[in-house]
Amino acid sequence: MKNNKFTPSLIAAGLALSSFGALADNDRYIIQVDNNAKGIVKALAKQSGAEIHVDADGFIAATFSGKSLSDVKGLLNNPHVKLVEADLKRVPMALFNDDAGDPTQTQLTPYAVYQSQADQVAFDSNAGMKVCVIDSGLDSSNADFNWSAITGDNDVGTGNWFENGGPHGTHVAGTIGAADNGFGVVGMAPGVDMHIIKVFNASGWGYSSDLAQAAQLCSQAGANIINMSLGGGGANSTEENAFKDFVAAGGLVVAAAGNDGNSVRSYPAGYSSVMMIGANDADNNIADFSQYPSCSSGRGKRVTTDETICVEVTAGGVDTLSTYPAGGASLSAMSADGVGFASSAMENTGSVSAATYFLGLGDAVDAGAAGKVCVIDRGSVSFYDKVNNCELSGGVGAVIINNEPGMLYGTLGDTNNTSIPAVGAAFEDRSALVAASTIDISIGASDYGYMSGTSMATPAVAGIAALVWSNHPTCTGEEIRSALKATAMDAGAAGKDDFFGYGIAQAADMNAYLTQNGCAGGNGGGDNGGGDNGGGDTGGTGDLTLTATGYKAKGAQFVDLSWTDATSSNVDVYRNGSVIATTANDGAYTDALSSKGGGSYSYQVCEAGTTTCSASVSVVF
């Protein structure tokens, strides 16, 4: 788990274009003109005191200080002027955003629910789905759960499962199944039955034997899905066998890929029986911390490819809003001249409302800030020094604005002795905040907060699986796993890749796929839910099985393909999405490549002339 400061605003947790559509820089206007007379209009604008910012084909944009729209229309009453209109402010916008609001007053839907289409599928609470959460416990102080449907077990020495061993387990459980009850947040499968196994000790860790026993307890509790937002180095056969047994009995196991941002394989996610989950952000980009182990292992003639030992799908795991033990998180709210802006709680609880004072870099005491909220640019000195100088100046609150695109997240350090509430703000909002007459800031303890990590993406997938599975209860866990991959939305490089696997999990597409094709499905993975994956993936039934072994002879590359369960007399062999051969269905084919050195190739085998295909397998030289 990667843990960010628990911050973004109660008022505007994400930048939505609709929040700012009516806001314009009141001094800046667009003037549409005839190009052949643009010089005349520009000269007229400059005579009126305007500063021209944009000179484009068919229009200019200029600031008329202190002038209203009607004033400017009067000044530019010229036959060559076609139109004068406000030059409206536009800000960066995430593809998906959390709902804005206060979770203690209204129910908020986290962005990952929208991103994964979970809001488009109804959860069937009568289907008997149960998710087993192996983590740090679920704190009973948070009321945003269907507690009558939650049971649990303790590991040796971990204490009561319903008391938190840190906020991690409560946050994870909320993403899976926070109730649809009108307040707080809503989970992927709202109100789903859960069984909680508390495996982390007071120091925040456990052993592989703890996980092996937990898998057995999950099975005894009747769980369909195991969620593990945890991991570590090295494989363990006892642990691996426990998860194999759970899957063999019809279950699904998901685990976090890891947060070191490298290609190291973490366990238990690296076991073939466990589905490895990576993390993406609200803009469908891979999280910079999400680990991406290769699907290939071995070298030369011993290279093998197995898509079950690498990332298979991803889900939202960056700045994820979810449940916390009571008062365990900090959230901030900020508005400027009555308009809400996103913020991040840096330090010191409290609420202030006062006139603004631009303190520059905040590198010196300035008596002009007395009784005001200091608006401060990032840079030059530490965050602590900025806030301390504001307080020594008599300031009652501080807003530190990032000096690069995006939100400023930070703290004032362990030695902080300031007392005024201090928040971070996004660079994109600098102009509005500096120009504001008044600013309101509030920082307080909350039962809801933000975390980042593949730990947050994994319960999203567990919840999606429970949600869709509740509508198709006769499916097995492996069939649900295949459907997750078959309908994932392609992201990153075209087609399956090491970072996203098959892509971002999509609940509505998955539900429709199972409704149309039944539990056995019609695709081995990578159909991406209706979009173009760009990789030529031809689909598959999941029955036709392909293995690929790459090796070199005298420097040249060769790949031996072998397959089973094809029923036609001939098969089509695909490399990187294109047919390279139609050959007899004798179960074997060697692709003699002309290349030398390195390279990466994706293979499929299909019944000749059809889209009944194996899953894709990759070979890396």
Side-chain angles (χ1 to χ4, degrees), residues 1 96 110-119 121 123 129-135 171-178 187-190 192 194 223-231 243 247 251-259 266 268-269 271 273-281 284 286-287 290-291 307-308 310-318 320 322 451-470 475 477-489 491 499-511 513-514 525-526 528-529:
M1 184 275 288
F96 301 94
Y111 78 83
V113 173
Y114 296 122
Q115 186 179 52
S116 68
Q117 307 174 331
D119 60 315
V121 180
F123 175 65
M129 286 294 114
K130 182 179 287 187
V131 182
C132 193
V133 184
I134 303 175
D135 213 289
H171 196 277
V172 164
T175 295
I176 294 170
M188 294 287 181
V192 66
M194 287 188 280
N224 307 89
I225 301 167
I226 291 176
N227 182 93
M228 292 180 292
S229 294
L230 48 82
F243 297 120
V247 170
L252 171 68
V253 185
V254 295
N259 299 321
S266 180
Y271 297 131
S273 58
V274 179
M275 189 173 191
M276 185 185 296
I277 310 300
N280 56 260
D281 66 15
N284 295 349
I286 198 68
S290 189
Q291 283 173 227
E307 68 173 41
T308 65
C310 49
V311 173
E312 297 185 45
V313 296
T314 68
V318 178
T320 300
S322 189
M451 288 188 185
S452 291
T454 53
S455 285
M456 285 60 254
T458 303
V461 174
I464 292 164
L467 173 68
V468 177
W469 203 349
S470 76
C475 295
E478 284 292 87
E479 288 168 338
I480 293 297
R481 181 178 183 175
S482 294
L484 279 163
K485 293 186 288 186
T487 56
M489 177 180 68
F499 295 92
F500 284 93
Y502 283 105
I504 301 172
Q506 302 287 282
D509 289 345
M510 178 182 172
N511 187 55
Y513 169 85
L514 289 171
N528 86 4

Tell me the closest heavy-atom pair linking [X] and [Y], and the distance in Å.
X    : Y    : result
G317 : A279 : CA-CB, 4.1 Å
V274 : P268 : CB-O, 3.4 Å
A112 : G316 : CB-CA, 4.1 Å
S266 : M276 : O-CE, 4.5 Å
F123 : P190 : CD2-O, 3.5 Å
A257 : V311 : CB-CG2, 4.1 Å

How many angstroms lie between atom [atom1] of [X] and atom [atom2] of [Y], to the nearest 0.5 angstrom?
X    : Y    : atom1 : atom2 : result
N284 : M489 : CG    : CE    : 4.0 Å
C132 : L252 : SG    : CG    : 12.5 Å
F243 : I226 : CZ    : CD1   : 5.5 Å
I480 : L514 : CD1   : CG    : 5.5 Å
N227 : I277 : CG    : CD1   : 9.0 Å

Donor-acceptor check, side chain of [X] to backbone of [Y], threshold 3.5 angstrom: yes or no?
X    : Y    : value
S470 : L467 : yes
T314 : G278 : no
N280 : A315 : yes
S322 : T175 : yes
Q506 : L484 : no
T454 : G258 : yes
D281 : A287 : no
H171 : S455 : no
Q291 : N259 : yes

Are any non-hydrogen side-chain atoms of [X] and [Y] less than 4.5 angstrom apart?
X    : Y    : answer
W469 : C475 : yes
F500 : I286 : yes
M451 : V172 : no
T458 : L230 : no
V461 : E312 : no
E307 : K485 : yes

- [ ] Could you check Y111 against V318 for side-chain contact (heavy atoms from CB on, under 4.5 Å), going step by step and ending with a plain yes or no?
- [x] CA-CA 10 Å; Y111 78 83; V318 178; 4.0 Å; yes
TODO: Run through I176, I464, V121 and flag the one making a side-chain contact (heavy atoms from CB on, under 4.5 Å) with M188.
DONE: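 With M188 as partner, I176, I464, V121 yield a single side-chain contact (heavy atoms from CB on, under 4.5 Å), made by I464.
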TODO: For a side-chain contact (heavy atoms from CB on, under 4.5 Å) with M228, tell me which candidate from V133, V254, V253 qualifies.
DONE: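 It is V253; the other options fail the test.
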Task: Pair V313-M275, side-chain contact (heavy atoms from CB on, under 4.5 Å): steps then yes or no - done: CA-CA 8 Å; V313 296; M275 189 173 191; 3.8 Å; yes
